Amino acid sequence: MADKVKLLLIDGNSVAFRAFYALYTQMDRFTNSEGLHTNAVFAFNNMLDNIVAQQKPDKILVAFDKSGGTFRTKMFGDYKGQRDAAPSELLEQLPVIKELLDDHGMAHYELQDYEADDIIGTLSREAEKAGWETTIVTGDRDLTQLATDHITVQVTKKGVAELETYTPAHIEDKFGLTPTQIIDMKGLMGDTSDNYPGVTKVGEKTAIKLVTQFGSIEDLYDNLDQLKPSKMKENLVNDEAQARLSKTLATIKVDAPLTIGLDDLHYAGPDIEKLRALYTRLDMRQALAKLPASAQETAVHEAITYTVLDDANLAALLDVHEPAAFEVEMLTENYHTADPIGWFVVTADQAFVSSDVTLLTLPAVQTWLTEAKLAVFDGKRDIVAAARLGVTLPALAFDVLLASYLLNPDQNANDLGQIAQDHGVSVPFDETVYGKGAKRHVPDEVALFTHFVEKGRAILALQPLLTTKLKEQEETHLFTELEMPLAQVLAQMEITGITLERATLKAMGDQWRSTQTVLEEKIYAEAGVKFNLNSPKQLGEVLFEKLNLPVIKKTKTGYSTSVEVLEELKSASPIIQDILDYRQVAKLFSTYVTGLLNAQLADGKIHTRYLQTLTQTGRLSSVDPNLQNIPARDEGKQVRKAFIPSKPGWQIFSSDYSQIELRVLAHISGDANMQEAFKEDRDIHANTAMKIFGLDSPDQVTPDMRRQAKATNFGIVYGISDFGLAKNIGVTRKQAKAFIDGYFEQYPQVHDYMEKMVKVAREQGYVETLMHRHRYLGDIHSRNFNLRSFAERTAMNSPIQGSAADIIKVAMIRMQAMLDENHLHSRMLLQVHDELIFEGPAEEMATLAELVPKVMDSAVSLAVPLKVESHYGPTWFDAK
DNA sequence: CCAATCACG
DNA sequence: ACGTACGTGATTGGT
C-alpha cells in the first residue's frame, strides 16, 4: 500500500512575522555585510529545516499575502485598518525568504485580492479530496478552523521553534468547539489585530459559551429568545450586523480562484550550491556550516598530505623558513598536567606532524624554533607545554585565540573549530575528532594528523583575516603590544607557580574540620533533627517549616538561606549563628583546604591557569585552582599563611593599585572635583561623604557616613540604581536616590560620562576602554527592560573595569622587562585584578619596593596619579 | 548539567 | 510600570 501524499502548507507572512519578532532583540547580530537584516530569514530557515526533517513532506507550498487590498477590505473598509505597517527591517526580508524558498526547491504563491489563509484553505480542501494528508504551519490561530482528520494545523508558539498541533480533537479539548465553530467564536469576539469588531463585551469565554450552547452565530440569532434579558443580550441584538460581518471576515475561503492546483505543488529538495551562495551572501554562517561539504571542499579534504616526522626526515622541517602554524596538542584542558599527544608545523604548502613530542627537544629542532615565525591558537598553552619538555618557544607571531577574543569577547569560544566557523573558515571541532567526557581519546593516526593539518591550515587562513579585522577595529596595538606579549608573561607566571606549605594548611584544616563537626552536632540538636546541612533545600525546610522562622526571601526553587537572610534571622534563633559559623568553616575546609591541597603538584606548587580570553571586560580569570579568590578577610585570610616563597631566605612581596577604578573614572569622565580629590591624595570615600552629606570639613564625616559614601562610590562604578544602592547599604530607596543625586551634583562630569556611555553604546553598538578594547552591547536596544537596563549599566561599568584591566596588563609586561633588565631573582607569581604578587630573595625586597610601584604607577599617564601600596613578609598573609 | 552559596576584586 | 548593582570560580546537592 502506497503511503498517502504528504502536503505541507505554510502561511508565509505570518510565520515570517513570528520569525522576525522571535529574534527581534538580536536584530543587530543578524545583519549581513550590506546591512540587510537576516533575523527573520534565519528563524524562518530553521523552522523550515525542522518541519521538513520532521514531516518529510512530498509537496510544499508557502502562501503569501499579496500587497494591496483584498476582497475583505472591499467588504469592510477598516479591515486590518489599525495595524501598523510592518517594519521595514521585516519587509526587506520577504523577497529574500522567497529566494530562500526557491533555493530550497519549495513552491510559493500569492494571489491578488486574497490572503495567504485563503490560498491555504482552498488547497487544503483540494488536497483532502485527493486523499492527501496536509499539515498547515502558521502563526495565526484563526487557521485552526481548517483542521479536519486529514488536515492538521500547527501554530507557532514561543518564537517559531515550537509548534502547537491543532487537530479537531485538540480543539475540542481546548475550547470545546469543532474547528468550524472557531469561526463563530471569532465572529462574536471580533479581532483587534485584524480590526473587526464582533459583539460588544463578548470575549473568548462568553463566545465559547454561546457557540457551545447554540452551535453557530446563525443558530444563535434564530434562537435569541432563549436567552434571558441581560446586558449581553442587548449587545447581541445591537451588534448583530457586526457579528455576522465579522464571521464572514473570519471565514477562510476554501474556493479562492487559484491559478495553480495540486499538480503545481512540488518539493524537489534543496539546491545545495544555490543555498550555499545565498547563505554566503547573507553571512549566515551557522546555516552554511550545516550544509554538506561542496565538491571543492571535499577535494581539499582528500588532498591532505603530511610528513610524519622522524629522525631521518627532520631536515625538511629545518628547511622551513616561512611563517608556519604550530601547536603542541593535548587531550585535556589543564596543560600543566595533560600529556601531549602530538605536535605540528603547517606552512602554506607543507605539513609536518608527529606524535612524538620528544622530537621538539632535539637540539636541531630547538635551534630551528628560535628563528621560527609561528602562528598559534592559544599560544600560552603551547608555551607551557613546551616548557614542560624543557623547550623554549620563540616570541609568537600571531595568536588566533587572542585576536578573536579582542574582536568580540562574547562571541569567543575556546575551540579553533568554532572560531574558524565564525569567520567563515571550516575546520572540525576538537570535540568531533577527539570526543568528549569519558569518550575522549586519541583517534587513529590518520584522523589525528589530518586534524592537525586542518587546524594548521585554519590558523594560517585566519591570520590575515583577523589581522585585517583588528586593524578595522583599531585594536592592532592592543593585540600586538598588550595581549600577545602578556600571554608570554602569564605563561611564565603559571610555569613558576606558587609554593604551598602543606603542613600549615593541613593543620588549619584539621582545626576547621573539628569546629565544623562540633557545630554540625550542635545544629542537629538545636533543630531536633539530623539532615544534610550542606543542602540549602533541606536547611530551608528545617528553618522555615520545622522551626517556623519567618521567610525573608525565596529563590526560584525554594527558600533562600543566604548570608543576608540568615543575618536577619540571627535574633530569631540561636541556631542561625551556628549555621553561619558552620557555613564559614565548611567553605574554608572544602574549597581552600581540600581544594588547594588537591591542586598542589609534585613540585609542591600551585600552578593556576589564567584565562586570558574569557571575561567580557578584559580582566583575567584564574582556574584550576582559582588563586584570585583566596580569602582576604576574617578567619579565612589565615589560608594565606600557607602560601610561601619557593626558596629559603625568600619573601613574598605584594603591590596593589589603590582605588584604580575610581581613578580611571576620574580620568575618563574628566570630572574636575573628583580629579582634584585624587591629585591632593584625599580619602576619596570621605571626600564623597562630605559632598553628598553637605559637610564642610573631613572631621564631620562619621564612620557610617564614610561607609555609605564608599558604597555609593562602588555603586557609581557599577552603573548605579537607587534600588541597588538602597539594598546594599540598608537605606530607603528615596535616601539612596538623594545620595545619587547629591553625588552627581558634586561630580557633574561623572553624570555626563554615564549618559555618554549609554549613548555611545546605542549609537555604535559597543563601548571601549582606554586601549580600545571593545565590548558589544546588543541588548542596549532591547525592548526587554531588564536586558536593556543591564546593557546600560554594563556600558557605564565596562570602560572603567576594562581600562583598569588594560593598565595592570601594561604594568605586567613592563614588570617582566624590568625584572629581566635588572637581573633580579625575584619573579612575578600572581595577578589579582589590581595587585601583583612576587617572590624573591629578602635582599631584593627593598629594590622591589622601589621599582614595582614605579612600573605600576607609570604604566599609563592619566589626569590623576595612580597610587600603589606595597608590602612584604615571609608569607602571602604577611605581604598585606 | 543547573542552582545555590560564598570566596575574591 | 517594569526589577536592579560590575566582573569572576569552586563546591555542593539534586535533577
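Chain naming here is simple, since letters A, B, ... match the order of the sequence lines and numbering starts at 1 in each. The shown structure was predicted, so the numbers you read here are calculated from the model rather than taken from an experiment.
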May I ask you to say whether [X] pairs ionically with [Y], meaning some side-chain N is under 4.0 Å from a carboxylate O?
| X | Y | answer |
| --- | --- | --- |
| A/Lys605 | A/Glu839 | no |
| A/Glu635 | A/Lys587 | no |
| A/Asp681 | A/Lys867 | yes |
| A/Lys737 | A/Asp741 | yes |
| A/Asp410 | A/Arg775 | no |

Check the distance between [N]'s [atom2] and [X]'s [atom1] and give it to me in whole angstrom.
| X | N | atom1 | atom2 | result |
| --- | --- | --- | --- | --- |
| A/Trp876 | B/dA7 | CH2 | C1' | 12 Å |
| A/Ile552 | B/dT5 | CD1 | P | 13 Å |
| A/Gln638 | B/dA7 | CD | C1' | 16 Å |
| A/Glu635 | B/dA7 | CD | C1' | 15 Å |
| A/Ile579 | B/dA4 | CD1 | P | 18 Å |
| A/Lys556 | B/dT5 | NZ | C1' | 14 Å |
| A/Leu596 | B/dC8 | CG | P | 13 Å |
| A/Lys553 | B/dT5 | NZ | C1' | 11 Å |

Using a cut-off of less than 4.0 Å, is there contact between a side-chain N or O of [X] and OP1 or OP2 of [N]?
| X | N | answer |
| --- | --- | --- |
| A/Thr557 | B/dA4 | yes |
| A/Arg583 | B/dT5 | no |
| A/Thr561 | B/dT5 | yes |

(request) Say whether, by atom type as modelled, one donor and one acceptor occur between the side chain of A/His774 and the main chain of A/Tyr766 under 3.5 angstrom. (result) no
(request) For A/Thr517 and A/Arg513, indicate whether the former's side chain and the latter's backbone hold a donor-acceptor pair under 3.5 Å. (result) yes
(request) Give me the first and last nucleotide of DNA chain C, going 5' to 3', that has any atom under 4.0 Å from a heavy atom of chain A. (result) C/dC2 to C/dG14
(message) Measuring centre to centre across the rings, with the benzene-like ring taken for any Trp, is A/Tyr753 within less than 6.0 Å of A/His751?
(response) no
(request) Answer with yes or no after comparing the ring centroid distance for A/Tyr872 and A/Phe838 against a 6.0 Å cut-off, counting only values under it. (result) no
Give [X] one of three labels, base, sugar-phosphate or nothing, depending on what nucleic acid heavy atoms sit under 4.0 Å from its own.
| X | value |
| --- | --- |
| A/Asn728 | base |
| A/Glu661 | nothing |
| A/Thr794 | sugar-phosphate |

(request) Flag the pair A/Met828 / A/Ile837 as yes when at least one side-chain heavy-atom distance between them is below 4.5 Å, and no otherwise. (result) no
(request) Check whether any side-chain heavy atom of A/Arg793 sits under 4.5 Å from a side-chain heavy atom of A/Tyr718, and report yes or no. (result) no
(request) Would you jot down, in residue-number order, the residues of residues 711-722 of chain A having a non-hydrogen atom under 4.0 Å from DNA chain C? (result) A/Ala711, A/Gly715, A/Tyr718, A/Ile720, A/Ser721
(request) With A/Glu483 as reference, evaluate A/Met771, A/Glu475, A/Lys809 under the side chain to side chain contact (heavy atoms under 4.5 Å, CB included) test and give the passing residue. (result) A/Lys809
(request) Applying side-chain contact (heavy atoms from CB on, under 4.5 Å), name anything that partners A/Lys691, two or more places apart in sequence or on another chain. (result) A/Asn673, A/Asn687, A/Gln746, A/Tyr747
(message) Can you check the distance between C/dG3 and B/dC8, where both ends of the measurement are the C1' atom (answer in whole Å)?
(response) 26 Å
(request) Pick the P atom in C/dT4 and in B/dA3, then give their distance to the nearest Å. (result) 15 Å
(message) Given A/Tyr335, which partner from the list A/Arg381, A/Arg609, A/Glu494 fulfils the side chain to side chain donor-acceptor pair (under 3.5 Å) test?
(response) A/Glu494
(request) Please work out which residues in residues 604-633 of chain A have a non-hydrogen atom less than 4.0 Å from an atom of DNA chain B and list them by number. (result) A/Arg619, A/Gln628, A/Asn629, A/Ile630, A/Pro631, A/Ala632, A/Arg633
(message) Can you give me the dot-bracket string for DNA chain C, 5' to 3', counting Watson-Crick and G-U wobble pairs with both distances under 3.5 Å, using [ ] for crossing pairs and | for partners on another strand?
(response) .....|||||||||.
(request) For A/Phe877, enumerate each residue passing the ring pair (Phe, Tyr, Trp, His ring centres under 6.0 Å) test, keeping only those at least two apart in sequence or located in another chain. (result) none
